[in-house]
Amino acid sequence: MSQSAAGGDVIRLIGVRETPLSIDEVYSAVGAPGAGGIAVFAGTVRDHDHARAVTGLAYSAHPTVERELRAVMEKVAADFPVLGLAALHRVGDLEIGDIAVVVAAACAHRAEAFAACRRLIDDLKANVPIWKHQTFADGDDEWVGAC
């Protein structure tokens with residue numbers, strides 16, 4: 001368990017869902033009386049990738065996904081003075097504009113919150129077993145590893 005200086009668990013929300021994600025839910029989960037900064041990142045499905053038109057995509061995850069996500073979050077909590085962390089990722093079929101991932105970090109100061117939030121999304125994309133299957137307007141498709 002990742003502890004704050006006050007002794008509470010700083011990982012407030014963690015999940016992989018087939019249903020739409022809420023930025024408000026993630027933001028609300030990390031709030032703390034000592035938080036002077038809350039940084040939130042929301043990744044959305046865009047209509048292009050590498051100059052190719054994207055028509056949709058699907059995310060899939062390994063059964064260990066939440067365990068791996070928790071490990072990433074615990075490392076962020078160990079490296080930054082976070083008061084709260086949250087991360088949600090969507091799986092299944094998504095449309096252009098849908099929210100695919102939302103992460104947040106609350107810290108006493110904004111610079112720490114920005115840095116912790118950036119590390120959280122970067123490490124999630126690099127280490128959590130979630131894969132993206134993109135479909136292009138020309139009918140072609142591709143798998144993208146560890147998103």
Side-chain angles (χ1 to χ4, degrees), residues 1-50 52-135 142-147:
M1 184 179 314
S2 301
Q3 301 289 317
S4 70
D9 188 7
V10 298
I11 297 175
R12 305 280 178 71
L13 178 64
I14 183 171
V16 177
R17 301 178 177 172
E18 292 184 15
T19 56
L21 305 181
S22 165
I23 293 171
D24 290 339
E25 178 186 12
V26 172
Y27 176 85
S28 295
V30 299
I38 297 175
V40 179
F41 173 82
T44 57
V45 179
R46 63 183 180 267
D47 66 358
H48 67 282
D49 190 24
H50 301 292
R52 296 178 70 190
V54 172
T55 57
L57 57 82
Y59 285 100
S60 58
H62 189 271
T64 63
V65 66
E66 286 194 18
R67 183 179 72 214
E68 298 300 324
L69 181 52
R70 178 170 290 280
V72 163
M73 296 173 81
E74 287 173 348
K75 178 75 168 121
V76 171
D79 292 347
F80 295 90
V82 295
L83 301 171
L85 289 174
L88 294 177
H89 203 296
R90 183 123 178 242
V91 292
D93 295 330
L94 281 76
E95 304 281 330
I96 303 302
D98 283 349
I99 298 171
V101 61
V102 184
V103 300
C107 296
H109 304 285
R110 72 179 175 273
E112 297 162 340
F114 278 126
C117 187
R118 179 167 190 139
R119 170 78 71 77
L120 179 53
I121 189 61
D122 288 349
D123 288 0
L124 184 159
K125 288 180 65 74
N127 299 311
V128 177
I130 298 172
W131 303 277
K132 177 171 62 173
H133 183 226
Q134 295 188 114
T135 305
E142 74 175 353
W143 284 92
V144 180
C147 300

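In what follows, residues are counted from 1 in the order of the sequence shown.
- The closest donor-acceptor contact from the side chain of Thr135 to the backbone of Thr55 lies at 3.5 Å or more, if one exists at all.
- Of all non-hydrogen atoms in Val40 and Ala104, the two that sit nearest each other are CG2-CB, 3.9 Å.
- Within 6.0 Å of atom OH in Tyr27, 12 or fewer heavy atoms from other residues, nucleotides or ligands are found, so the atom counts as exposed in its surroundings.
- Counting heavy atoms from C-beta outward, Glu68 and Asn127 have side chains that stay 4.5 Å or more apart.
- Atoms CD and CE, on Glu66 and Met73 in that order, are 10.5 Å from each other to the nearest 0.5 Å.
- Side-chain atoms of Arg46 do not come within 3.5 Å of backbone N or O of Gly43 as any donor-acceptor pair.
- Under the 3.5 Å distance criterion, the side-chain polar atoms of Arg12 are left unmatched by any main-chain donor or acceptor of Ser28.
- A donor-acceptor pair under 3.5 Å is absent between the side-chain atoms of Arg90 and the main chain of Val102, judged by distance alone.
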Exercise. Determine, step by step, whether Val26 and Leu21 satisfy the side chain to side chain contact (heavy atoms under 4.5 Å, CB included) criterion, reporting the C-alpha distance in whole Å, the side-chain angles of both residues, the deciding distance to 0.1 Å, and the verdict.
Key: CA-CA 9 Å; Val26 172; Leu21 305 181; over 6 Å; no

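- Side-chain atoms of His109 never come within 3.5 Å of backbone atoms of Ala111 as a donor-acceptor pair (strictly under, hydrogens ignored).
- In this structure, the separation between CG on Leu13 and CG on Leu85 is 10.5 Å, given to the nearest 0.5 Å.
- Residues Arg118 and Phe41 are not in side-chain contact: their nearest non-hydrogen atoms beyond the backbone lie 4.5 Å or more apart.
- Heavy atoms only, all atoms of each residue included: Ala115 and Phe80 are closest at CB-CE2, 3.5 Å.
- Distance check, rounded to the nearest 0.5 Å: CZ of Arg70 to CD1 of Ile14 gives 5.0 Å.
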Quiz item: Would Val30 and Leu83 count as a side chain to side chain contact (heavy atoms under 4.5 Å, CB included) if you check the C-alpha gap in whole Å, the side-chain angles of each, and the deciding distance to 0.1 Å?
Solution: CA-CA 7 Å; Val30 299; Leu83 301 171; over 6 Å; no

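- More than 12 heavy atoms of other residues, nucleotides or ligands shown are found within 6.0 angstrom of CZ on Arg52.
- For the pair Asp79/Arg119, a side-chain contact is recorded, criterion being any heavy-atom separation below 4.5 Å from C-beta on.
- In this structure, Ala86 and Ala29 approach most closely via the heavy-atom pair CB-CB, 4.3 Å.
- Salt bridge status for Lys75 with Asp123: absent, with no side-chain N to carboxylate O gap under 4.0 Å.
- Considering CD1 of Ile23 and CD1 of Ile99, their distance stands at 4.0 Å, rounded to 0.5 Å.
- The closest side-chain heavy-atom distance from Asp47 to Val54 is not below 4.5 Å.
- Using a 4.5 Å cut-off on side-chain heavy atoms (C-beta onward), Glu142 and Asp49 make contact.
- The two residues Val10 and Ala77 come nearest to each other via the heavy atoms CG2-CB, 3.7 Å.
- Of all the heavy atoms in Ala106 and Ile38, the pair that sits closest is CB-CG1, 3.8 Å.
- With contacts defined as side-chain heavy-atom distances shorter than 4.5 Å, the pair Val128/Val65 qualifies.
- Using a 4.5 Å heavy-atom cutoff, the side chains of Pro20 and Asp98 are not in contact.
- Rounding to the nearest 0.5 Å gives a distance of 5.5 Å between CD1 of Ile130 and CG of Leu124.
- Under the 30°/60° scheme for interplanar angles, the aromatic rings of Trp143 and His133 are found to lie parallel.
- Taking CG of Leu94 as the reference point, atom CD of Gln134 lies at 11.5 Å (rounded to 0.5 Å).
- Across all their heavy atoms, Asp93 and Ala58 have their closest contact at OD1-CB, 3.3 Å.
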